[in-house]
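In what follows, a structure is listed as structure tokens, so that the remarks can point back to it.
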Amino acid sequence: MSSDEKPSAPRSLAEALRARDDASLAALLRARPDLVTPVPTDLTQLATRAGTRASVVRALEHLDRFTLQTAEALAVAAEPAAYEELLGLMAGDARDAAVVAALPGAVAVLREQALLWGDDDRLRLVRTARELLAPSPQHPSPTGLGPSVREATAGMSPGRIQEIVTAAGLASTHDSVSAVTALASLFSDRRTMSALLAEAPAESLEVLDRLVWGPPYGQVTADPAARLRWLLDRGLLLPTAPGTVVMPREVALHLRGGHAHRTPEPLPPAVEAAATRRPQVVDAAAAGQAYTALATVEELLKDWDEGGPAVLRAGGLSQRDLKRTAVALDLSEPMAAFWVELAYAAGLIASDGEADERYAATPFFDEWVERPPAERWVRLAQAWLAGTRTPGLIGGRDAKERTLSALGPGLDRSAAPEVRRRVLTLLAGLPEGTAPSAESVLARLAWERPLRGPQRDDDLRSRLARWTLSEAELLGITGRGALSSQARALLGAAAHPHGPVTDRGTGSPQDAGSPQGPGDKLPLHHHHAAPAHAPGPLSPAGQPVASAVAVRLLAPLLPEPLDHVLLQADLTAVAPGPLHRPLADVLGVLADVESKGGATVYRFTPGSVRRALDAGRSASDLHAFLAEHSRTPVPQPLTYLIDDVARRHGHLRVGAASAYVRCDDDAMLNEILADKRAAALRLRRLAPTVLAAQADPAALLDGLRAMGFAPAAESAEGDVLITRADAHRSPPRTAPEPVPEGPPVPDGTLLSAAIRAIRAGDLASTAPRKPAEDAMAQAPGALPRTSPADTLATMQAAVLTGEAVWIGYVNAEGSASQRVIAPVRVEGGFVTAYDHTADEVRTYPLHRITGVAELADDEA
């Protein structure tokens, strides 16, 4: 081929893929990872897989609105279509400048993702994509266009076609094909079509106006009205079935001014600002929410410390247990469900696996709770970002009309991590301190991933986006609606004066549509490069760096824990901030939490003091503890309360008889026996200082306490039992794995190996061979077949000449493949050769080689 000779146009998708370089193939496999699982044997198989229905549907679902509109326009264009025809369908007769500028990028995306192939003068959609997007009576086109004149007149009688041609003002023809061609040319000619419509009655034009943007079908009676008859006579409406007519595509395009879509959307809608605040205010508000998140999760786990709710037989929490947990946390049930699911996603709670299965904290919780607060928050935020479980679905119903419960099955949605990250990426594209309007975020997401078919306001991606905005605020990812600096760092965005997270992975094609810079109100089309500060998916190596920066930014904003409280005369203690863990733990036993907020109020009661005494504390211990940690003098009423409860604590002792009560004060035992409330305990005197009961010790303890006494339990040896609550833990458990959305995107190493294998396999399957002389040789594409003697002789000759040969090989598992090898040595029933397919030297048993063929001289 001379340097001036133009390369021939590809005749198939496989040929188009064969002409690509390795970078282009890598981009295809990265955009459509399902094509590389498993690795195709050659480019022909890759092209076949790229045209399968499941793969094409997945690819179409990942296109943005304008690129999908471009594919829809190609589906109603001629096959093949010239670029100019496509431009006319997208930009219209007026040639919209924004569409003209964006269309090359959309075509490039379709071509890169192997949904479109061919040169600009012969563009072809992959057949499956055309079948999915082309109009039909059962599946109307998203463009609202109907069939072409040629398609609509198929099966119509030749006489009727000639009548329509004559009524339209055209000369009659000798055959139907030329008549249909002339009619289509008339409808496609703007000048003559305008002249024809100028003669139309106003009522007829109203009918066309109702059908022009779709659906193009209408109903008529057996005796159509005059306004319809005028249109039917001239072919502006064509019958498709008894009582049904359709507007031909060419007519609709003329009335639309050439537009395939009513509203082409070449540019993504801008994410609009709802409010702007100082970044410091946003960071402080987010840090406050982060602290609340940590406190809520700790309170949840403390509530479940001795063993949480039972696991339902089908898995998950019962509605009653969720309601009880919500009351304990003083939250609504949906919010309680969110925190329960977040703790589960972070690996802090799991089922204990016992026969009477219950939820409990995992051993990792004890490790997590000892870490600095900023590190604990980063762990929660990362679990939320990566998790596929969707708390917003709780309370709804699955496909089998079963209620979805917290911690139960059916809550995984593989799209959740991608939507969360994309929403936060859009927030990161705004100036710091700017909160977006939720409607503009939803509009942007709908442009980036439009729904095919009827649009619904409650589609999953929109709901995920709404939940992301609200959950991000609860977790402290955002503050007052704006993305915080610590969240920017965690996402990998360089947007803080402390410096960027430099080890950042490259963004996906969908991430390239963020606004170009702070305050930029004209969003870029997605084919442009992503802005430097927009976060892309972090590489595994970059995650620890991002986490460390987020911890460094958040730590100074969190309140320092205090080592003191303020005791008050009304038997309350006020903690003006978070308390050191040992102080909080002891105070949580000694007093009940009365209110929470910026300051926590604890109330001392006889029951709470008795709880501390039951845990092994003495009255002197409690006095010393309060004196040490109170910034105010210990109030006298609190001292009296502790001494009074301690004086009575253990005065009565309960043991097993079934149970017994013993007391040195027989007058107190007389008082108990005389009390009517003791009747249910069925007490009787065994000795002046001993009463026996038929209730078990626990019931006897509860009964006497309900009567106002403060008994203590004792062991079989007569010692006082210290009833300290033991923490219940599940066995070691790992956090639940997110459910991936299709095959994972291959990394660089896998891509390189896959492309090398595909190229080598393609070389083996397409390398020109010399004409086969042996009758056992098969047609091109099949494994070569030669006798063992011919195989051995050809191999030995190739060793002497150093030439490469083409072989068929069947491995030990029975998988057949074609390979191009250069034999080096033949001995002992084995051939050692350089395998071009594997790009390495290998040894093959001769009995597994089905046959051998020489390559043509120009390929040897």
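Formation of a donor-acceptor pair under 3.5 Å by the R32 side chain with backbone atoms of Q113 is found in this model. Distance alone, capped at 3.5 Å, is enough to place a donor-acceptor pair between the Y359 side chain and the G316 backbone. Judged by distance alone, with hydrogens and angles left aside, the side-chain atoms of R65 form a donor-acceptor pair with the main-chain N or O of A446 at under 3.5 Å. Although no hydrogens or angles enter the test, the distance criterion places a donor-acceptor pair under 3.5 Å between the side chain of R20 and the main chain of E112. A donor-acceptor distance shorter than 3.5 angstrom exists from the side chain of E473 to the backbone of G481, with no hydrogens or angles considered. Between the side chain of R358 and the backbone N or O of D352 there is no donor-acceptor pair closer than 3.5 Å. S24 places no side-chain N or O within donor-acceptor distance of the main-chain N or O of D21, the cut-off being under 3.5 Å.
Residues forming a side chain to side chain contact (heavy atoms under 4.5 Å, CB included) with S332 (at least two apart in sequence, or on another chain): P334, M335. Annotation: side chain to side chain contact (heavy atoms under 4.5 Å, CB included) contacts of E375 (sequence neighbours excluded): R371, P372, V551. Partners of E357 under the salt bridge (Lys or Arg N to Asp or Glu O under 4.0 Å) rule, at least two apart in sequence or in another chain, do not exist in this structure. Judged as a salt bridge (Lys or Arg N to Asp or Glu O under 4.0 Å), and not counting sequence neighbours, the contacts of D22 are R759. Annotation: side chain to side chain donor-acceptor pair (under 3.5 Å) contacts of S318 (sequence neighbours excluded): D321. Taking H629 as the reference, F625 meet the ring-ring contact (aromatic ring centres under 6.0 Å, His included) condition, with sequence neighbours excluded. R379 is linked by a salt bridge (Lys or Arg N to Asp or Glu O under 4.0 Å) to nothing, counting only residues two or more places apart in sequence or in another chain. Evaluation of the salt bridge (Lys or Arg N to Asp or Glu O under 4.0 Å) rule for R376 yields E298 as partners, not counting sequence neighbours. The side chain to side chain contact (heavy atoms under 4.5 Å, CB included) check on A285 picks up R480, with sequence neighbours excluded. A search for side chain to side chain contact (heavy atoms under 4.5 Å, CB included) contacts involving E439 returns S437, not counting sequence neighbours.
Applying the side-chain hydrogen bond (donor to acceptor under 3.5 Å, both in side chains) test to every pair with at least one member in residues 384-393, sequence neighbours left out, gives these pairs: E341-R389, W384-E471, T388-D412. Among pairs with a residue in residues 324-336, those fulfilling salt bridge (Lys or Arg N to Asp or Glu O under 4.0 Å) read D303-R324, at least two apart in sequence or across chains.
Residues L567 and Y602 form no side-chain contact, since every pair of their non-hydrogen atoms from C-beta on lies 4.5 Å or further apart. At a threshold of 4.5 Å between non-hydrogen side-chain atoms, the residues L427 and P436 count as touching. By the 4.5 Å heavy-atom criterion applied to side chains, P431 and T276 are not counted as neighbours. Looking at heavy atoms from C-beta onward, I394 lies in side-chain contact with L411 at the 4.5 angstrom threshold. Between T468 and I477, every side-chain heavy-atom pair lies at or beyond the 4.5 Å cut-off. The side-chain heavy atoms of L29 and I755, taken from C-beta on, include a pair separated by under 4.5 Å. Using a 4.5 Å heavy-atom cutoff, the side chains of R617 and L590 are not in contact. Side-chain contact between T362 and Y344: absent, with no pair of heavy atoms (C-beta onward) separated by less than 4.5 Å.
Across every non-hydrogen atom of F364 and A346, the tightest pair is CE2-O, 3.8 Å. Closest non-hydrogen pair, V282 versus S484, comes out as CG1-CA, 4.1 Å. Minimum interatomic distance between E272 and S440 (heavy atoms only, all atoms of both residues): N-OG, 3.1 Å. Across all their heavy atoms, L566 and T632 have their closest contact at C-OG1, 3.8 Å. Residues A293 and L474 approach most closely at CB-O, 4.2 Å, considering heavy atoms. For G476 against W377, the heavy-atom pair with the smallest separation is O-CZ2, 3.7 Å.
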*Could you please spell out the steps behind the side chain to side chain contact (heavy atoms under 4.5 Å, CB included) verdict for L445 and L426?*
CA-CA 9 Å; L445 290 179; L426 294 176; 4.2 Å; yes
*L300 vs L348, side chain to side chain contact (heavy atoms under 4.5 Å, CB included): CA-CA, chis, key distance, verdict*: CA-CA 11 Å; L300 167 67; L348 302 178; over 6 Å; no
*For L60 and L68, run side chain to side chain contact (heavy atoms under 4.5 Å, CB included): C-alpha distance rounded to whole Å, both residues' side-chain angles, the deciding distance at 0.1 Å, then the answer.*
CA-CA 7 Å; L60 291 175; L68 183 59; 4.3 Å; yes
*Could you walk me through whether W467 and L393 pass side chain to side chain contact (heavy atoms under 4.5 Å, CB included), step by step?*
CA-CA 10 Å; W467 293 331; L393 297 172; 3.8 Å; yes
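Salt-bridge formation is detected for the pair R461/E418: a Lys NZ or Arg NE/NH1/NH2 atom is positioned less than 4.0 Å from an Asp or Glu carboxylate oxygen.
Annotation: the span from L442 atom CG to L464 atom CG amounts to 11.0 Å, rounded to 0.5 Å. Note that the CD atom of Q289 and the OG1 atom of T296 stand 8.5 Å from one another [nearest 0.5 Å]. Here the straight-line distance linking atom OG1 of T325 with atom CG of L317 works out to 6.0 Å at 0.5 Å rounding. Note that the CG atom of D283 and the CG atom of L483 stand 9.0 Å from one another [nearest 0.5 Å]. Rounding to the nearest 0.5 Å places CG of L294 at 6.0 Å from CG of L380. Between L267 atom CG and F66 atom CZ the span is 8.5 Å, to the nearest 0.5 Å.
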